[in-house]
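Just so we're on the same page: letters track the sequence lines, and every chain starts at 1.
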Number of protein chains: 2
Amino acid sequence: MTLTAQHRTTILEVAREARASKTSVSRYFSEERKRLSPDMQARIAAAACHLGYRPNQMARSLKGGHSGLIGMLVADIRNPFSVAVMHGVEQACREHGLSLMVCNTDNDPAQERERLALLATYRVEGLVINAAGSPDRELQAWVEEGIPLVLLDRELSDVDAEFVGLDNAQAIDLALDHLQAQGYGDLLYLSEPTDQASPRQVRLTCFLQGVAARGLDGEVHCQPLMEHDALQRAIGDFLARSGKRHRALLCANGNATLAAIRALQTLGARLGETGLMGIDELDWCKLITPGITTLAQPTEAIGRSAVACLMALLSDSTTTTLRRHAPELIVRGSTQCPAP
Amino acid sequence: MTLTAQHRTTILEVAREARASKTSVSRYFSEERKRLSPDMQARIAAAACHLGYRPNQMARSLKGGHSGLIGMLVADIRNPFSVAVMHGVEQACREHGLSLMVCNTDNDPAQERERLALLATYRVEGLVINAAGSPDRELQAWVEEGIPLVLLDRELSDVDAEFVGLDNAQAIDLALDHLQAQGYGDLLYLSEPTDQASPRQVRLTCFLQGVAARGLDGEVHCQPLMEHDALQRAIGDFLARSGKRHRALLCANGNATLAAIRALQTLGARLGETGLMGIDELDWCKLITPGITTLAQPTEAIGRSAVACLMALLSDSTTTTLRRHAPELIVRGSTQCPAP
DNA sequence: TTGTATGCGTTATCAT
DNA sequence: ATGATAACGCATACAA
């Protein structure tokens, strides 16, 4: 039995069939096509089409140092927020004639380092990083080689690169304003531990400051969401304690919102009477009766913005693009206080 | 102002610094490392580390025809099911020392063709395809070039490639068995139009056959889910019509389930009294009171299986891997018939 | 154990 | 307008 042929036609074969030189064929597939005579163009087109020729990108990039590749590191590909941003990144790349190589790190710094090395291996021309750990050292090396970096959603202190993401300070302000306006005065902030992940730190800090500035009561629960019992106890205590101000939960992200709802359901709390609000808009937020009030991140815009930033760095242009994006407040029943 | 250096160290520079030949350095980074003397290994290691050397994968693949790349076409990257499968694919690839290049097609056949051409350009060694349209012609070309293909979730009639995905027939059987056992006898099947996407066709057909075989009443609504009014009317009619058997909805996928819940909520139907069951398990299924009964697809396993299939084709081995995976029934309150 | 030489498919430089 | 030729960075057959 014959084995696989594995043969892709090369520029040379096209040249032969078109009675032309390699150079001409190469020109045909580059910006210099117009320099070729109509007759030659026709012959090459015919031959290339007939043989199903596609320029070998590997050879191309070897020669010119142009891989046409943008790398992207995603901390958790199963997070819908990350996917939505990635979608924006991919679209923008396509519009710029670039391809995207996505690497998931599953929030593991070791994998992150590995994937970073891998992307280096493929000579990506730019990097969009949703960091899992703190690969500052590795990234600084990229910077020094002159490869543009953009930090997505999570900032890194020790690396000299642009940041693109949500305006977290504005988000928390918006949330607090809304909750206060709806009549809630006693707030519990729910977040995963803030180690490493910078937006969590920023949001938490802003919450504490904002609460103080507004004269609200504010409390914080920062534990892994996996520990369902601890979460439930914390929420239970919060709801049970004395105080005459209306109580509300503010969730730092989609996962926290999900966990909070589970806990509230088990506790038999009524949404609205107990306020609930979360950062990140998800499919099901409108399904849970009476609807969950959220702050939606402009995910597509953030993704596109990251690429715009990269392109600006690549072309050494000075055009500056929006880096901290405003969230959109989506009001639903979960912050409808019965007696404001 | 100085511009970016953009210089990555090459094998030659390492060779010089290590007082060795290119060949030795090359060997050091291949399977032949053991053939080098300890002293030489040490020198190369030092030099490579010092210079931050990484073999250029582009050059490598140009030489050996080994790109180390697997391509994946995803019809809708924003579908959590697709992402979960992709996660499995990526993991498996990594374990085999391969990298994954993912291309989203947004369910657009034109983009699909484009991305396919792009992947060809990067000389991917295998292809995992979650088809948007019917790129049979293009794919057959790949087959003839001896590049292994695996069809994911959606089958294509005219292309000679393996299929990996859910065992749809079994899934529908399981669903019908469960609904019948719970006491539901009048069923409405909810699906998006079955054009192109093969699993929809298979599921629909199996539903009709299964209903007939079991002596159940079965009805079908196959419209775009966007048309919320039509859907609501259809469900409303279904619930309002006479008949003494208990009624249940069976949803062909996660999106259909989502749409069904919205409609049922608007209609004021009580879940359980009106049965509801869906294919695809999602985060929020346990949150909607009293919980949605689902058939979970073994997404990770499907993804890994696709790569296993690819590897088998690549190594010309005859080991056969599981291609049609069984779903897992997750019983919740939405199929708890009050009076069976 | 180590090194030399050649070629992978392409583009850039220099011709004609 | 077109072509010959030399790199690009690496792996391999062959030589020592």
Side-chain angles (χ1 to χ4, degrees), chain A residues 5-45 47-48 51-69 120-125 145, chain B residues 5-45 47-48 51-69 97 118 120-125 145:
Chain A
Q6 271 299 47
H7 176 73
R8 310 225 88 179
T9 71
T10 75
I11 203 172
L12 189 61
E13 306 175 72
V14 177
R16 268 203 283 269
E17 173 147 339
R19 286 164 295 126
S21 71
K22 294 194 297 179
T23 309
S24 294
V25 179
S26 174
R27 288 206 173 102
Y28 180 84
F29 286 99
S30 78
E31 305 307 311
E32 309 184 78
R33 180 184 299 192
K34 46 199 161 209
R35 284 178 40 182
L36 267 36
S37 70
D39 178 53
M40 169 107 318
Q41 290 196 32
R43 265 153 45 217
I44 295 179
L51 297 168
Y53 170 73
R54 294 270 159 205
N56 184 332
Q57 191 62 38
M58 298 298 197
R60 262 189 169 173
S61 76
L62 180 57
K63 183 63 181 122
H66 242 31
S67 70
L69 249 30
T121 264
Y122 282 99
R123 299 299 187 263
V124 297
E125 300 181 52
E145 285 189 39
Chain B
Q6 269 299 48
H7 175 73
R8 308 226 95 185
T9 72
T10 76
I11 203 172
L12 188 61
E13 307 174 71
V14 177
R16 268 203 283 268
E17 172 146 339
R19 288 164 295 127
S21 71
K22 292 194 297 178
T23 310
S24 295
V25 180
S26 174
R27 289 207 174 102
Y28 181 84
F29 285 98
S30 77
E31 305 307 311
E32 308 184 79
R33 178 182 303 191
K34 44 200 163 208
R35 282 178 42 181
L36 300 174
S37 70
D39 178 55
M40 168 106 323
Q41 290 195 32
R43 267 154 44 218
I44 295 180
L51 296 169
Y53 170 72
R54 294 270 159 206
N56 184 331
Q57 190 62 37
M58 298 300 198
R60 262 189 169 172
S61 75
L62 180 57
K63 182 67 180 113
H66 242 32
S67 70
L69 249 31
L118 183 79
T121 264
Y122 282 99
R123 299 299 187 263
V124 297
E125 301 181 52
E145 285 189 39

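- Counting any heavy atom pair closer than 4.0 Å across all strands shown, T23(A) reaches a base atom.
- The shortest side-chain heavy-atom distance between R8(A) and R54(A) does not fall under the 4.5 Å cut-off.
- M40(A) places a side-chain heavy atom less than 4.5 Å from the side chain of S24(A).
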Is there a side-chain contact (heavy atoms from CB on, under 4.5 Å) between T9(B) and E17(B) once you walk through the steps? CA-CA 11 Å; T9(B) 72; E17(B) 172 146 339; over 6 Å; no
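- Remark: P of dA7(D) and CG of N56(B) are 18 Å apart, rounded to the nearest angstrom.
- Note: CZ (R33(B)) to P (dA11(D)) measures 13 Å, nearest angstrom.
- Considering every non-hydrogen atom in both S67(B) and Y122(B), the closest pair reads CB-O, 3.8 Å.
- The separation between Y28(A) atom OH and dG3(D) atom P is 16 Å, rounded to whole Å.
- For Y53(B) and R27(B), each mapped to the nucleotide of DNA chain D holding its nearest heavy atom, the one lying further toward the 5' end belongs to Y53(B).
- Between the base of dT4(C) and the side chain of K22(B) there is no donor-acceptor pair shorter than 3.5 Å.
- Atom CG in L36(A) sits roughly 11 Å away from atom C1' in dG3(D) (whole-Å rounding).
- A sub-4.0 Å separation between OP1 or OP2 of dG3(C) and a side-chain N or O of S21(B) is present.
- dC10(D) atom P lies 9 Å from atom CZ of F29(B), rounded to whole Å.
- You'll find a donor-acceptor pair under 3.5 Å spanning the side chain of K63(A) and the base of dA7(D), going by distance alone.
- With rounding to whole Å, I11(B) atom CD1 is found 14 Å from dT4(C) atom C1'.
- In this structure, CD of E31(A) is placed 13 Å from C1' of dT11(C), rounded to the nearest angstrom.
- The interatomic distance linking R60(B) (CZ) with dC8(D) (P) rounds to 19 Å, in whole Å.
- Taking CZ of R43(A) as the reference point, atom CG of L36(A) lies at 9.0 Å (rounded to 0.5 Å).
- Within 4.0 Å (heavy atoms only), R35(A) reaches at least one base atom of the nucleic acid.
- Base engagement by S26(B) is indicated by at least one non-hydrogen atom pair under 4.0 Å involving a base atom.
- When the nearest nucleotides of DNA chain C are assigned to L62(B) and M40(B) by heavy-atom distance, the more 5′-ward of the two goes with M40(B).
- Counting non-hydrogen atoms under 4.0 angstrom, S37(B) reaches the backbone sugars and phosphates but no base.
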